[in-house]
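This report concerns only the one structure given below.
FYI, the numbering just counts along the sequence from 1.
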Amino acid sequence: MKVNERKSVPDPRVGGAGGVAPGGSVPEGTGAGADDQVSVSETARELARLKGEVGDVEGVRADRVASLRNATTDRRYVPDARGAATGLVREVLGDLLA
């Protein structure tokens with residue numbers, strides 16, 4: 001399925017004759033009014049907050065995963081499961097007690 005492929009315009013306010021103008025203006029009678037509202041879910045707010053805290057991880061994580069995968073395959077790196085679990089528990093407890 002191609003997302004950018006438009007086959008029909010069901011609502012003239014979205015596109016087509018009398019639709020939204022390229023400059024961002026809306027024709028009279030079809031635009032936003034004082035009664036229009038936007039609602040953002042709590043999940044969306046939390047995701048936005050977390051993205052702000054963590055930052056962009058797309059490129060960094062792919063490189064890191066690839067290097068760790070190679071290191072574990074070559075047996076140059078053996079993860080410390082006990083240390084990772086201890087650190088995780090400490091972090092969670094620290095967040096709960098803070």
Of all pairs that satisfy side-chain hydrogen bond (donor to acceptor under 3.5 Å, both in side chains), the ones with a partner from residues 80-98, not counting sequence neighbours:
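Not a single pair qualifies under side-chain hydrogen bond (donor to acceptor under 3.5 Å, both in side chains).
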
For Arg76, enumerate each residue passing the side-chain hydrogen bond (donor to acceptor under 3.5 Å, both in side chains) test, keeping only those at least two apart in sequence or located in another chain.
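Only Asp74 meet the side-chain hydrogen bond (donor to acceptor under 3.5 Å, both in side chains) criterion with Arg76.
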
Nearest 0.5 Å please: distance from the CZ atom of Arg49 over to the CD atom of Glu42.
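Separation between the atoms: 9.5 Å.
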
Side-chain heavy atoms under 4.5 angstrom apart, residues restricted to Ile, Leu, Val, Met, Phe, Trp, Tyr: same cluster for Leu50 and Val40?
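No, Leu50 and Val40 fall in different hydrophobic clusters.
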
